[in-house]
There are 2 protein chains.
Amino acid sequence: MVISARVHYACVAMLELAIQNDEGSPVAIREITDRHGIPGPFLVQILRSLRALGWVQSIRGSQGGYRLSVDPATITLLDIAEAIGSQEAGCRTEATCTPMAVMLQTQWDDAAEASRRVLGQATLSGLVERAQHGDASMFYI
Amino acid sequence: MVISARVHYACVAMLELAIQNDEGSPVAIREITDRHGIPGPFLVQILRSLRALGWVQSIRGSQGGYRLSVDPATITLLDIAEAIGSQEAGCRTEATCTPMAVMLQTQWDDAAEASRRVLGQATLSGLVERAQHGDASMFYI
DNA sequence: AGATACTTGACTAAAGAGATCACATATATA
DNA sequence: TATATATGTGATCTCTTTAGTCAAGTATCT
């Protein structure tokens with residue numbers, strides 16, 4: 001469960017869209033990059049992946065931007081991390097797959113599973129709600 | 001908590017030393033690399049780190065090798081992973097540290113903490129014992 | 001002396017992460 | 001219809017990390 005900048009940015013973008021989901025107009029990339037200091041072209045790349053997943057839709061042209069196309073209650077940080085992040089390999093091919101290696105691999109898997117359980121609990125809507133209740137000025141809307 | 005090949009090999013080596021800890025003679029690198037298919041010079045590099053940590057001692061010359069210099073009950077997979085693996089950075093410097101970023105970071109930290117708890121439970125002696133009870137032929141000694 | 005085994009430091013190849021750029025296309029508004 | 005505003009797409013690029021290699025040296029046992 002590696003949290004790269006790519007994954008982090010993807011989550012920021014999804015949260016930003018989730019917050020502004022009720023308002024009619026789509027959210028421009030510029031709005032997100034300005035607010036969070038994310039390199040523009042990089043975020044474009046990430047939003048492309050999110051669109052391919054069917055999680056956001058894009059509206060081109062003037063007044064265009066992005067909008068969530070899924071219910072924010074159904075998407076967790078785990079979903080985003082696993083979809084955007086790099087896929088991990090199974091048992092190492094180079095080294096011999098000894099019983100000891102298998103035992104260790106079980107430990108690595110258990111540890112990863114523990115992480116996944118935490119992130120699988122965190123839905124977008126849950127985070128948005130928590131942020132807005134905890135600190136109304138948090139997202140300076 | 002990234003488990004690189006380096007960390008995995010370090011754990012294999014420590015476990016191998018823990019198993020043969022009771023016997024008088026030290027364990028040669030060749031013995032470990034042959035058994036587990038680990039590239040020799042790479043394992044040398046790793047054992048050097050382990051020695052710098054004070055966890056193993058080396059005996060040079062003919063009949064030389066490596067030996068644990070700590071109680072295998074006091075070392076966990078977490079200790080090895082954190083000592084050998086790369087050190088992770090804190091809050092990302094590039095992007096703006098917005099409240100949203102902080103909230104996300106908390107989630108990443110919680111997830112990492114969950115992993116750490118799992119690996120922190122796994123002591124070398126515990127793993128050796130488990131392996132030997134579970135399957136006597138596991139380490140074909 | 002010679003075989004065995006660790007010591008040390010430098011070095012290289014490959015992969016992935018994190019961007020960046022140029023050019024194309026779509027749409028609202030004046 | 002012209003123009004400003006936005007996204008779409010593909011290629012490219014640099015930097016860091018990871019994994020692995022090599023050569024020459026030193027210590028110890030038999």
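Chain naming here is simple, since letters A, B, ... match the order of the sequence lines and numbering starts at 1 in each.
Defined by atom type and a distance below 3.5 Å, a donor-acceptor pair is missing between the side-chain atoms of A:Asp109 and A:Thr106. The closest side-chain donor-acceptor pair between B:Asp71 and B:Thr74, if any, does not fall under 3.5 angstrom. Between the side chains of A:Gln45 and A:Arg6, at least one donor N or O sits under 3.5 Å from an acceptor N or O. No side-chain donor-acceptor contact under 3.5 Å links A:Thr123 and A:Thr76.
Nearest nucleotide to the A:Phe42 side chain, out of D:dA19, C:dC6, C:dG18: C:dG18. Considering only side-chain atoms of B:Ala28, the nucleotide from C:dA19, C:dC6, D:dA19 that sits closest is C:dC6.
At the heavy-atom level, A:Arg48 lies under 4.0 Å from base atoms of the strands shown. Across all strands, A:Gly40 comes closer than 4.0 Å to no nucleic acid atom at all (heavy-atom distances). Residue A:Pro41 is in base contact, counting any heavy-atom pair closer than 4.0 Å across all strands shown. Among the heavy atoms of the strands lying under 4.0 Å from A:Ile29 are primed sugar atoms or P, OP1, OP2 only; no base atom is included. Within 4.0 Å (heavy atoms only), B:Ile59 reaches sugar-phosphate atoms of the nucleic acid but no base atom.
For the pair A:Arg35 and B:Thr98, the tightest heavy-atom approach, listed with the atom from each and the gap, is O-CG2, 3.5 Å.
Regarding contacts with the backbone of C:dG16, every side-chain N or O of A:Ser4 stays at 4.0 angstrom or more from both OP1 and OP2. For D:dG8, one of the phosphate oxygens OP1 or OP2 lies less than 4.0 angstrom from a side-chain nitrogen or oxygen of A:Arg51. Side-chain nitrogen and oxygen atoms of A:Tyr9 include none within less than 4.0 Å of the OP1 or OP2 phosphate oxygen of C:dA17. Look at A:Ser58 and you'll find a side-chain N or O under 4.0 angstrom from OP1 or OP2 of D:dG8.
Atom CD1 of B:Ile3 is separated from atom P of D:dA19 by 11 Å (rounded to the nearest Å). Straight-line distance from the CG atom of A:Leu47 to the P atom of C:dA19: 15 Å, rounded to whole Å. One interatomic measurement links the two molecules: CD1 of B:Ile46 to C1' of D:dT21, which rounds to 14 Å at whole-angstrom precision. Between the CD1 atom of A:Ile84 and the C1' atom of C:dG16 there is a distance of 16 Å, rounded to whole Å. Distance, B:Gln57 CD to C:dT7 P: 11 Å, rounded to whole Å. What separates CD of B:Glu31 from P of C:dT4 is a distance of 16 Å, to the nearest Å. Nucleotide D:dT7 holds its P atom 9 Å from the CG atom of A:Leu43, rounded to whole Å. Atom pair B:Ile38:CD1 and D:dT21:C1' shows a separation of 16 Å (rounding to whole Å applied).
The residue among A:Gly61 and B:Ser62 whose nearest nucleotide of DNA chain D lies closer to the 5′ end is A:Gly61.
Taking the screw axis at each terminus of the helix from C:dA1-D:dT30 to C:dA30-D:dT1 from five consecutive base pairs, the angle between the two is 10° to within rounding of 10 degrees.
At distances below 3.5 Å, not a single donor-acceptor pair connects side-chain atoms of A:Thr33 with backbone N or O atoms of A:Pro39.
Residue B:Arg6 places no side-chain atom within donor-acceptor reach of the base of D:dT18, judged by atom type and a 3.5 Å distance cut-off alone. At a cut-off of 3.5 angstrom, the base of C:dT20 holds at least one donor-acceptor pair with the side chain of A:Gln45. A donor-acceptor contact under 3.5 Å links the side chain of A:Arg60 to the base of C:dT25.
Side-chain heavy atoms closer than 4.5 Å link hydrophobic residues (I, L, V, M, F, W, Y) into clusters, and following such links, even through other members, never connects B:Ile59 to B:Ile29.
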Which is it for A:Val56 and A:Arg67 under the side-chain contact (heavy atoms from CB on, under 4.5 Å) test, yes or no, and what are the steps along the way? CA-CA 6 Å; A:Val56 305; A:Arg67 205 188 315 232; over 6 Å; no
